[in-house]
A.B. asks: 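Structure below; questions to follow.
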Amino acid sequence: MTRLSEYLLPTEREAPADAEALSHRLMVRAGLVRQLGAGLWTWLPAGWRVHRKIEALIRAEMEAIGAQEVLMPVLGPAEPWRRTGRYDIPELFKLRDRREAELVLAMTHEEIVTYHAAQLIRSYRDLPLSLYHFQVKERDEPRPRAGVLRTREFIMKDAYSFDRDEAGMNSTYERFVGAYDRIMERTGLRWYRVQSDVGMMGGLGAHEYMAPCAAGENEIALAPGYAANVEVASAQARPASPDAERAAPEEVSTPGLTRVEEVAQLLGVHPSALLKAYPVVRAAAGEGALEGPALWLALVRGDHRVNEVKLARALGGPVRPARPEEIEAQIGPVGFIGPVDPRSGDVRIVLDQAVPAGCYVTGANRPGAHLRGVRPGRDFQHISADIRMVQEGDTVAGHPIVIERAIEVANIFKLGVRYSTPLEASYLDEDGRAKPLWMASYGIGPARIAAAAVEQLADERGISWPRALAPFAIHLVSLGRPGSEERAAAEDLYERICASEALRAEHIDVLYDDRDLGTGEKLTVAELLGCPLRLTVGRRALQRGEVEVQVRRGLLEGAPLPLSLEGEELVRALRERWQEAP
RNA sequence: CGGGACGUGGCGCAGUCUGGUAGCGCACCCGGCUGGGGGCCGGGCGGUCGCCGGUUCAAAUCCGGCCGUCCCGACCA
């Protein structure tokens, strides 16, 4: 219960000049957050209320599945990070204390929780166990951006589960999926759970929770019954139109034509009759890496694009684009490279699966020339893999996919023994043998949920919070000059609402604008801040003995409330309006 | 890491090219009016012009270095 005359809500008429994203602009303008430095944000009182509401919602669902809340430090020894091989991640903040001991600032807490698990979990009787905390994460981001959407310091709720074996891990994972689905549902956001890449976490499988919005940094492929990050998405490509059959490759002159469209136009063929060659070097021959030379030529249809994440997976390790001098030395002139007779015999070829059998146009490895009638398998040897980026119009189970921009608000991973093995976190099983703990981790970012809600639901007047996230349920506005009847009536109503234990218990909280400001300013601020319900006490309604009710979403005028309501009646009326609000 | 832009009061900006009194709108403070859409009038407070160095009689302005912020790309649990 809060009087705006005493509350820090520094609203601004204009957004900072460097604010681009909608959520960035509106969250600053509405007085929710202020910036300290690149990717460093202070949450002001109203913004922090939003954050805490999201935390409360997440906490409730964590407790409901039996996860136990703890708190682990942000600052910690470097040693566990060295053991898991994550010390060299560039995003990890590293520092030394006065005795020159190496420390890191945690970017997630796998190493730390596993260190404890190694000591605390002894027996299969201790399992399964799930721990979680809300704690600051520190990341030396190459590029913080878009207000609180991508920051260097942020609070994450991260949970970690420990099980006896893979089956146990899988079933715990499913319980968390259920909890996360319920969390997302309760936020009131539009969201998708998508298959995702395991990324730097390593592990056996992962999902991301994505909230579609313009400021999002990811793209997701969607079809009925299908949702995946484009990094890993697979779909049926539209049919290709291969080049005419030829008994052997035939060179054609294409001087200066290095782009697919140019070559296709000159030869009068569809872009899908070309094979685009993308040379990469497999950076590290890690575990599972395919044998052979480091230089690979990835071939996809001319109307497709290579997906580096999928390519890396197909080749069993991280890849980087080949440098021009590597291309010149080992394959052919940049712009005209192809799979047939590269300069070096050490080039291996991976062909995308969406290339149907047939003849294609490829670079000739000679300047200003292409080959027609190149048939994979006959004219060059290759392996096959799904290495292309899906695109709109591809189909999954017959349904065309669409691609939407989205912000990743949560990310969950099956870690397996990725961390327990190097950190020697094991338990004694019934058979008396030590076995590694099977782990999974579950992260979710309240700040991103808040920003995504702003992005998805704002209109030209400002923010429109969903009920579960709103800093206050009700924004009570008094109009009229100080000392007027309207002011007195508003004051009286505010006191009655504050006096209600029931409303407090149900978290139907009120922000009361009792400031001595003009009508326009008060109403504009209310719409900018975006509490779901606005109660307005002005002369018009007062003459009828009523309070005006406005639903923020859509700026809908609700039926007015009688001013005379008291006690249980008042509670019932407000509760009813609250529960009807979006 | 590559490319681009910017740094002048709390916010938004002008002034910089062509060196010479630091300015505007909003916000803020005081007084008055107004009181259903950031209203009006009058009077005020507030800025080492990001930092350091140089050139000059004189630097927000010219030169050099550094720092910071934003955008695009690379990168990103």
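Chain letters run A, B, ... following the sequence lines, proteins first and then strands; every chain starts at 1.
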A.B. asks: Any strand counts, and the cut-off is 3.5 Å on both contacts for Watson-Crick or G-U wobble. Which nucleotide pairs with C1(B)?
C.D. replies: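 Across any shown strand, C1(B) pairs with G73(B).
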
A.B. asks: Please determine, for G7(B), whether a Watson-Crick or G-U wobble partner exists with both distances under 3.5 Å, and give it or none.
C.D. replies: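 Because both required distances fall under 3.5 Å, G7(B) counts as paired with C67(B).
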
A.B. asks: Side chain of Pro142(A) only, heavy atoms from C-beta on: which candidate in C72(B), C13(B), C75(B) is closest?
C.D. replies: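 Among C72(B), C13(B), C75(B), the one nearest the side chain of Pro142(A) is C75(B).
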
A.B. asks: Can you run down the salt bridge (Lys or Arg N to Asp or Glu O under 4.0 Å) pairs that involve residues 12-24 of chain A, sequence neighbours left out, and say none if there aren't any?
C.D. replies: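 Listed by first then second residue: Glu12(A)-Arg34(A).
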
A.B. asks: Tell me what Ala106(A) touches on the nucleic acid: a base, only sugar-phosphate, or nothing, going by heavy atoms under 4.0 Å.
C.D. replies: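 The residue Ala106(A) makes no contact with any strand.
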
A.B. asks: Which part of the nucleic acid does Tyr442(A) contact within heavy-atom distance under 4.0 Å: base, sugar-phosphate only, or nothing?
C.D. replies: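 It contacts nothing in the nucleic acid.
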
A.B. asks: Between the side chains of Arg86(A) and Thr108(A), is a donor N or O closer than 3.5 angstrom to an acceptor N or O?
C.D. replies: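 Looking only at side-chain atoms, Thr108(A) and Arg86(A) do form a donor-acceptor pair, the distance falling under 3.5 Å.
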
A.B. asks: Atom CG of Leu22(A) and atom C1' of C71(B): how far apart are they, to the nearest Å?
C.D. replies: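 In whole Å, C71(B) C1' and Leu22(A) CG are 17 Å from each other.
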
A.B. asks: Going by purine N1 to pyrimidine N3 plus the second Watson-Crick contact, or the G-U wobble pair, all under 3.5 Å, which nucleotide sits opposite A14(B)?
C.D. replies: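 Pairing partner: none.
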
A.B. asks: Quick check, are the ring centers of His475(A) and Trp465(A) under 6.0 angstrom apart?
C.D. replies: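 When the ring centroids of His475(A) and Trp465(A) are compared, they turn out to be at least 6.0 Å apart.
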
A.B. asks: Determine the Euclidean distance between corresponding C1' atoms of A60(B) and C1(B); express it in Å to zero decimal places.
C.D. replies: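 These two C1' atoms come out 33 Å apart once rounded.
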
A.B. asks: Suppose you measure atom C1' in G31(B) against the same atom in C45(B); what distance do you get, rounded to whole Å?
C.D. replies: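 About 15 Å, rounded to a whole number of Å.
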
A.B. asks: Rounding to an integer number of angstrom, what distance separates A14(B) and C26(B) when you compare their C1' atoms?
C.D. replies: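 Roughly 15 Å separates the two C1' atoms.
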
A.B. asks: C76(B) P sits how many Å from Asn229(A) CG, rounded?
C.D. replies: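 Answer to the nearest Å: 13 Å.
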
A.B. asks: Using whole Å, what does the distance between atom P of nucleotide C76(B) and atom CG of Asn411(A) come to?
C.D. replies: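 So the CG-P distance, Asn411(A) to C76(B), works out to 14 Å.
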
A.B. asks: Closest nucleotide of RNA chain B for Glu308(A) versus for Pro144(A): which of these residues is on the 5' side?
C.D. replies: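 The answer here is Pro144(A).
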
A.B. asks: Classify every nucleotide of nucleotides 35-41 of chain B by which part a protein heavy atom approaches to under 4.0 Å, writing B for the base, S for the sugar-phosphate alone and - for neither, in 5'-to-3' order.
C.D. replies: BBBBS--

A.B. asks: Provide, to the nearest angstrom, the distance between the CG atom belonging to Leu8(A) and the P atom belonging to C28(B).
C.D. replies: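 After rounding, the gap between these two atoms is 14 Å.
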
A.B. asks: Which part of the nucleic acid, if any, lies within contact of Ala15(A), taking any heavy atom under 4.0 Å across all strands shown: a base, the sugar-phosphate backbone alone, or nothing?
C.D. replies: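 Touches sugar-phosphate only.
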
A.B. asks: Can you check the Gln35(A) CD to G68(B) P distance for me, whole Å?
C.D. replies: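 Between P of G68(B) and CD of Gln35(A): 13 Å.
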
A.B. asks: Quiz question: by atom type and distance under 3.5 Å, do the side chains of Glu110(A) and Tyr419(A) form a donor-acceptor pair?
C.D. replies: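 Distance-only check fails for Glu110(A) and Tyr419(A).
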
A.B. asks: Any N or O donor-acceptor pair linking the side chain of Arg145(A) to the base of C70(B) at under 3.5 Å?
C.D. replies: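 Donor-acceptor pair under 3.5 Å: no.
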
A.B. asks: Heavy atoms only, 4.0 Å cut-off, all strands: where does Pro16(A) land among base, sugar-phosphate and nothing?
C.D. replies: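 Sugar-phosphate: the residue Pro16(A), judged by heavy atoms under 4.0 Å, touches backbone atoms but no base.
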
A.B. asks: If the plane angle is over 60° it's perpendicular, under 30° parallel, otherwise tilted; pick one for Tyr180(A) and Tyr209(A).
C.D. replies: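 Ring orientation of Tyr180(A) relative to Tyr209(A): tilted.
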
A.B. asks: Answer yes or no: is there a side-chain heavy-atom contact under 4.5 Å between Pro532(A) and Phe472(A)?
C.D. replies: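 The answer is no, as the side chains (C-beta and beyond) never meet within the 4.5 Å cut-off.
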
A.B. asks: Let's test this: given Watson-Crick or G-U wobble pairing with both distances under 3.5 Å, identify the partner of A22(B).
C.D. replies: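 Partner of A22(B): none.
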
A.B. asks: Considering every strand shown, what is the Watson-Crick or G-U wobble mate of A58(B) when both distances are under 3.5 Å?
C.D. replies: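 A58(B) is unpaired by these criteria.
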
A.B. asks: When you measure from the side chain of Ser23(A) to the backbone N and O of Leu149(A), does any donor-acceptor pair fall under 3.5 Å?
C.D. replies: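 Here the side-chain-to-backbone pair does not exist.
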
A.B. asks: Using atom C1' of each nucleotide, how far apart are U61(B) and U8(B) to the nearest Å?
C.D. replies: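 The same atom, C1', in both gives a distance of 11 Å.
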
A.B. asks: Nearest whole angstrom, please: distance from the C1' of C70(B) to the NE2 of His24(A).
C.D. replies: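 Value for this atom pair: 9 Å.
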
A.B. asks: Return the nearest nucleotide to the side chain of Arg143(A); candidates are G10(B), C71(B), C76(B).
C.D. replies: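 In terms of side-chain proximity for Arg143(A), the closest of G10(B), C71(B), C76(B) is C71(B).
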
A.B. asks: Taking only the C1' atom of each, what is the distance from A58(B) to C75(B) in whole angstrom?
C.D. replies: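 After rounding to an integer number of Å, I get 48 Å for this pair.
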
A.B. asks: What is the distance, to the nearest angstrom, from the CG atom on Asn218(A) to the C1' atom on C76(B)?
C.D. replies: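 Spelled out: CG on Asn218(A) to C1' on C76(B) is 9 Å.
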
A.B. asks: I'd like to know if the side chain of Tyr192(A) pairs up with that of Glu208(A) as donor and acceptor (distance under 3.5 Å, no hydrogens or angles considered).
C.D. replies: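 Per modelled atom types, Tyr192(A) and Glu208(A) side chains form no pair under 3.5 Å.
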
A.B. asks: What distance, rounded to whole Å, do you find between the two C1' atoms, one in C51(B) and one in G46(B)?
C.D. replies: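 It works out to 22 Å between them.
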
A.B. asks: Could you give the CD-to-P distance, from Glu217(A) to C71(B), as a whole number of Å?
C.D. replies: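 Going from CD in Glu217(A) over to P in C71(B) covers 10 Å.
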
A.B. asks: On a whole-Å scale, what distance lies between the P atoms belonging to G3(B) and C66(B)?
C.D. replies: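 Pairwise P distance, G3(B) against C66(B), rounds to 15 Å.
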
A.B. asks: Hunt down the Watson-Crick or G-U wobble partner of C28(B), both distances under 3.5 Å, from any strand shown, or write none.
C.D. replies: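 G44(B) is the nucleotide pairing with C28(B).
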
A.B. asks: When the P atoms of G47(B) and U55(B) are considered, how many whole Å apart are they?
C.D. replies: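 Each nucleotide's P atom is 30 Å from the other's.
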
A.B. asks: What residues form a ring-ring contact (aromatic ring centres under 6.0 Å, His included) with Phe162(A), not counting sequence neighbours?
C.D. replies: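 Here no residue qualifies.
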
